[in-house]
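What follows is a single structure, written as structure tokens, with notes after it.
Below, read A as the first sequence line, B as the second, and so on, with proteins coming before strands; counting in each chain starts at 1. Quick note: numbers below take in every heavy atom, side chains included, and nothing from hydrogens, waters or symmetry partners. If you're wondering where the values come from, they're calculated on a predicted model, not measured in any experiment.
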Amino acid sequence: MAAQAASSASEGGSPAAAAAAAAAAASSFPATSLYVGDLDVSVQDAQLFDVFAQIGGVVSVRVCRDVTSRKSLGYAYVNYNTPADAARALEMLNFTPINGRPIRIMYSNRDPSLRKSGTANIFIKNLDKSIDNKALYDTFCVFGNILSCKVATDPAGESKGYGFVQYERDEAAHAAIEKLNGMLMNDKKVYVGPFVRKQERDNSPGNVKFNNVYVKNLAETTTEDDLKEIFGKFGAITSVVVMRDGDGRSKCFGFVNFESPDEAALAVQDLNGKKFSDKEWYVGRAQKKSEREMELKEKFEKNLQEAADKYQNTNLYLKNLDDTVDDEKLRELFAEFGTITSCKVLCVIQMAQAEVLDLLLLNPLMMLPELLLK
DNA sequence: AGTGAGCGA
């Protein structure tokens with residue numbers, strides 16, 4: 001099947017190659033440049049070259065890496081001499097495992113708008129375990145040009161029974177949903193529907209009921225009466241407050257409690273992102289203090305982990321320094337060993353806990369010495 | 001039941 005597709009592609013006749021070439025022409029990127037994603041971090045340029053050079057004349061191969069840690073970012077670019085070779089590589093090598101992990105190939109497209117729009121992106125569940133990437137691709141490609149497609153798998157490579165297909169065009173996605181939702185695939189009735197991010201699903205109207213609305217980025221002059229007037233048109237309000245400091249100055253956020261959750265939801269939907277007195281309001285469901293703290297903690301831990309990964313093995317921690325050692329002296333001492341990206345002698349600072357939390361959210365690395373001591 | 005990741009450092 002793949003071989004047949006490849007031979008017709010080399011004659012320039014395969015539907016996928018034609019569609020890809022059309023896509024390339026439409027968005028003016030060369031159809032010789034491939035994006036290769038889902039790479040195992042151990043995959044290197046040379047190995048990738050060996051795989052792709054089997055198909056045709058490879059101009060260049062590059063695994064993208066983090067600037068500081070040089071760790072693989074899990075994707076690469078492969079450039080071919082001719083669009084025909086690139087099309088053939090896409091058809092023949094897509095989903096080929098390298099170092100145990102199936103690669104995912106797409107045409108390179110520097111414009112991220114199609115990818116992030118999530119339009120024409122569909123979700124498939126209740127897939128039989130025997131359905132792999134290729135089978136999914138073959139089933140769904142009849143509706144239009146596929147940009148990206150994959151069956152979710154566990155680390156061992158076993159199907160998790162669901163997957164994703166992103167088409168180039170909305171029409172293709174609609175047709176696939178229309179024709180395949182509820183159909184049998186390998187004797188299992190599959191669900192095919194639009195892809196909806198988990199977060200958007202959780203927040204979908206009616207999913208979570210709430211009465212209390214949080215509003216931030218208020219102008220300093222905005223009062224409870226202003227909020228009453230603006231929020232009041234969505235329904236009956238039981239309480240409204242603008243939070244203030246000891247001197248009565250607005251902290252520029254507040255809460256509006258509605259009698260009905262439906263009206264609270266309406267207010268959020270309508271007012272979030274609107275501008276008042278030149279300030280763009282954030283309006284959303286009010287979280288409990290514990291919820292908010294949990295969210296901040298997760299955010300912080302994620303930032304910290306990212307920073308730690310990025311600077312893994314590049315950051316030195318020195319202690320027991322003499323008082324006379326300053327930034328300059330440290331830099332002189334270490335300069336001969338390589339390029340120094342930053343160099344700092346720290347002192348002990350006492351701060352309120354809330355301020356520390358804010359600071360750390362911005363700059364997780366500040367925390368590292370403390371964490372190491374724990 | 002389970003709703004990714006993602007573009008040339």
inquiry  = So, does A:Arg65 get its side chain near the phosphate of B:dA9, meaning an N or O under 4.0 Å from OP1 or OP2?
reply    = no

note = Whole-Å distance, A:Lys188 NZ to B:dG2 P, equals 14 Å

Can you give the donor-acceptor pairs under 3.5 Å from side chains of residues 256-264 of chain A to other protein atoms, not counting sequence neighbours?
| from | atom 1 | to | atom 2 | distance (Å) |
| --- | --- | --- | --- | --- |
| A:Asn257 | OD1 | A:Asn212 | N | 3.3 |
| A:Asn257 | ND2 | A:Thr238 | OG1 | 3.1 |
| A:Ser260 | OG | A:Asp262 | N | 3.2 |
| A:Ser260 | OG | A:Glu263 | N | 3.1 |
| A:Asp262 | OD1 | A:Lys209 | NZ | 3.1 |

task = Report yes or no: do A:Asp40 and A:Ser42 form a side-chain donor-acceptor pair below 3.5 Å?
result = yes

Rounded distance (Å) that lies between atom C1' of B:dA9 and atom CZ of A:Arg70 = 8 Å

key: Spacing between A:Arg104 atom CZ and B:dA5 atom P, to the nearest angstrom   = 10 Å

remark   = When rounded to whole Å, the CG to P distance for the pair A:Leu147 and B:dG4 reads 17 Å

query = Between A:Arg62 and B:dA9, is there a side-chain N or O to OP1/OP2 distance below 4.0 Å?
reply = yes

ask   = NA contact type, A:Ile124, heavy-atom cut-off 4.0 Å: base, sugar-phosphate, or nothing?
value = nothing

inquiry  = Here's a test of your reading of the structure: between A:Phe123 and A:Tyr35, which maps to the more 5' nucleotide of DNA chain B?
reply    = A:Phe123

ask   = Between B:dA5 atom C1' and A:Leu39 atom CG, what is the distance in whole Å?
value = 13 Å

message = Could you check whether atom CD of A:Gln47 has more than 12 heavy atoms from other residues, nucleotides or ligands sitting under 6.0 Å from it?
response = yes

remark   = By nearest-heavy-atom nucleotide on DNA chain B, the more 5' of A:Arg197 and A:Val78 is A:Arg197

query = Could you state the CD1-C1' distance from A:Ile105 to B:dG8, rounded to the nearest angstrom?
reply = 17 Å

task = Can you sort out the partners of A:Asp327 under salt bridge (charged side-chain N to carboxylate O under 4.0 Å, His left out), two or more places apart, ordered by chain and number?
result = A:Lys344

task = Apply salt bridge (charged side-chain N to carboxylate O under 4.0 Å, His left out) to A:Arg331 and list each qualifying residue two or more places apart in sequence or on a separate chain.
result = none

key: Heavy-atom check, side chain of A:Val59 versus side chain of A:Thr32, under 4.5 Å   = no

request  = Look at the side chain of A:Asn79 and decide which nucleotide, out of B:dG8, B:dT3, B:dA9, has an atom nearest to it.
outcome  = B:dG8

note = What residues 149-161 of chain A contributes to the DNA chain B interface at heavy-atom separation below 4.0 Å is A:Lys150, A:Lys160, A:Gly161

Using atom types as modelled, flag every donor-acceptor pair under 3.5 Å from a side chain in residues 73-86 of chain A to any protein atom, sequence neighbours excluded.
| from | atom 1 | to | atom 2 | distance (Å) |
| --- | --- | --- | --- | --- |
| A:Asn79 | OD1 | A:Ser33 | OG | 2.7 |
| A:Asn79 | ND2 | A:Ser60 | OG | 2.8 |
| A:Tyr80 | OH | A:Phe52 | O | 2.6 |
| A:Thr82 | OG1 | A:Asp85 | N | 3.1 |
| A:Thr82 | OG1 | A:Asp85 | OD2 | 3.4 |
| A:Asp85 | OD1 | A:Arg88 | NH2 | 3.4 |
| A:Asp85 | OD2 | A:Gly57 | N | 3.4 |

message = Would A:Tyr77 count as stacking on B:dG8 if stacking means ring centres less than 5.5 angstrom apart and planes tilted under 30 degrees?
response = yes

query = Which salt bridge (Lys or Arg N to Asp or Glu O under 4.0 Å) pairs, counting each pair once, include a residue from residues 175-187 of chain A, with sequence neighbours left out?
reply = none

ask   = Going by 5.5 Å between centroids and 30° between planes, is there a stack of A:Phe164 over B:dG4?
value = yes

task = Among the candidates B:dG4, B:dG2, B:dG8, find the nucleotide nearest to the side-chain atoms of A:Phe195.
result = B:dG4

message = The side chain of A:Asn121 is closest to which nucleotide in this list: B:dC7, B:dA5, B:dG2?
response = B:dA5

ask   = Rounded to whole angstroms, how far apart are CE on A:Met106 and C1' on B:dG4?
value = 11 Å

query = At under 4.0 Å between heavy atoms, what does A:Asn126 touch on the DNA or RNA strands: base, sugar-phosphate, or nothing?
reply = base

task = Starting at atom OH of A:Tyr107, determine the distance to atom C1' of B:dG6, rounded to an integer number of angstrom.
result = 18 Å

query = Has the side chain of A:Gln166 got a donor or acceptor that lies under 3.5 Å from a partner of the other kind on the base of B:dG4?
reply = no

ask   = Any donor-acceptor pair under 3.5 Å joining the side chain of A:Ser148 to the base of B:dG6?
value = no

inquiry  = Heavy atoms only, 4.0 Å cut-off, all strands: where does A:Asp111 land among base, sugar-phosphate and nothing?
reply    = nothing

